[in-house]
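Step one of this worksheet: look at the structure below.
Worth knowing before you read on, the calculation uses all heavy atoms, side chains too, and leaves out hydrogens, waters and symmetry mates.
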Amino acid sequence: PACGNGTDDDGDGLTDYPADLGCIGSSDGDEIGAPNLVAETPTLVSPGINQLVALANDDATISAVIRNDGDTYNGTVDYQFQLDLDRNGTIDQSFAGDIIGGMTGGTQVTLPNRLFSNITDGSHRFRLVVTAVTGESSTSDNNSGWLNVIVDPAPTVVNISACTLG
């Protein structure tokens with residue numbers, strides 16, 4: 001069996017059980033384990049006040065990262081950004097990204113920024129959903145935490161003048 005033959009059969013630099021995380025025992029027939037895809041919570045790239053408040057009817061750019069904390073994965077990785085406009089748990093908009101062709105274990109991919117146009121005032125949430133796809137079936141589904149964005153229709157600007165205390 002591949003997990004007990006003294007050879008690094010999957011080319012990940014780890015040889016056999018227990019060193020190769022793709023092996024569940026020395027009699028396992030292959031060293032390929034499941035990926036552990038982690039969708040990190042998106043971040044607001046622009047605009048923003050303290051990275052949380054954007055202006056109403058403005059554009060927001062979201063960035064995110066997918067990590068593979070598991071074994072090398074040779075299938076495809078599908079992802080999408082989801083937007084919950086009124087924070088009621090219902091996905092109001094979903095934007096699919098380009099499919100990623102596999103991920104080496106222990107690596108991460110920074111996704112292209114996603115632009116959301118004309119965001120209205122109120123409280124919104126963004127998240128990243130990642131699915132590992134082998135053929136037609138999904139092998140794992142990982143949702144990031146929510147990025148909460150409070151959109152202020154007219155943020156208050158306070159001007160502070162210099163003064164001398166004496």
Side-chain angles (χ1 to χ4, degrees), residues 3 9-14 19-24 28-153 155:
C3 288
D9 296 296
D10 62 356
D12 65 358
L14 304 170
D20 195 315
L21 301 177
C23 297
I24 56 174
D28 192 347
D30 68 60
E31 293 183 349
I32 309 251
N36 180 19
L37 301 179
V38 178
E40 293 189 357
T41 301
T43 57
L44 183 63
V45 176
S46 69
I49 300 169
N50 296 328
Q51 296 298 303
L52 291 176
V53 181
L55 302 178
N57 300 315
D58 207 343
D59 297 339
T61 302
I62 305 298
S63 177
V65 170
I66 300 172
R67 294 190 333 260
N68 182 4
D69 291 345
D71 222 9
T72 295
Y73 178 63
N74 295 318
T76 58
V77 179
D78 186 27
Y79 68 93
Q80 60 180 291
F81 288 102
Q82 294 180 340
L83 173 59
D84 176 3
L85 287 171
D86 49 10
R87 296 180 57 137
N88 66 357
T90 301
I91 304 303
D92 298 299
Q93 295 179 33
S94 182
F95 301 96
D98 296 328
I99 292 175
I100 301 167
M103 288 185 72
T104 303
T107 62
Q108 69 180 30
V109 174
T110 301
L111 304 175
N113 290 347
R114 173 69 202 179
L115 175 68
F116 293 86
S117 298
N118 297 318
I119 294 180
T120 58
D121 61 307
S123 181
H124 313 305
R125 318 189 290 177
F126 297 91
R127 77 173 172 184
L128 175 66
V129 177
V130 177
T131 306
V133 182
T134 304
E136 296 298 319
S137 63
S138 299
T139 58
S140 64
D141 212 2
N142 298 292
N143 299 338
S144 74
W146 286 101
L147 166 66
N148 296 315
V149 178
I150 309 301
V151 181
D152 190 342

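If you take CD1 on Ile62 and OG1 on Thr41, they are separated by 11.5 Å, rounding to the nearest 0.5 Å. Atoms OG1 and CG, from Thr104 and Asn68 in turn, are 8.0 Å apart once rounded to the nearest 0.5 Å. Put simply, OH on Tyr79 and CD1 on Ile99 are 10.0 Å apart, with the number rounded to the nearest 0.5 Å.
Looking at every heavy atom in both residues, Gln108 comes nearest to Met103 through CA-CE, 4.1 Å. Here the closest non-hydrogen pair linking Gly89 and Arg125 is CA-NH2, 3.7 Å. Closest approach of Ala19 and Leu14 over heavy atoms only: O-CD1, 3.5 Å. Taking both residues in full, the closest heavy atoms of Asp69 and Val38 are given as OD2-CG2, 3.5 Å, listed atom of the first, atom of the second, then distance. Scanning all heavy atoms of the two residues, the minimum distance from Ile91 to Gln93 falls at CG2-O, 3.4 Å. Heavy-atom minimum distance, Leu37 versus Val130: CD1-CG1, 3.9 Å.
Within the 4.5 Å cutoff, the side chain of Leu128 has heavy atoms near those of the Leu111 side chain.
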Given side-chain contact (heavy atoms from CB on, under 4.5 Å), test Asp92 with Asp84 step by step and report yes or no.
CA-CA 5 Å; Asp92 298 299; Asp84 176 3; 3.6 Å; yes
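Judged by the 6.0 Å and 45° rule, Arg114 forms a cation-pi pair with Phe95.
For Asp98, the CG atom counts as loosely surrounded, since its 6.0 Å shell holds 12 or fewer non-hydrogen atoms of other residues, nucleotides or ligands.
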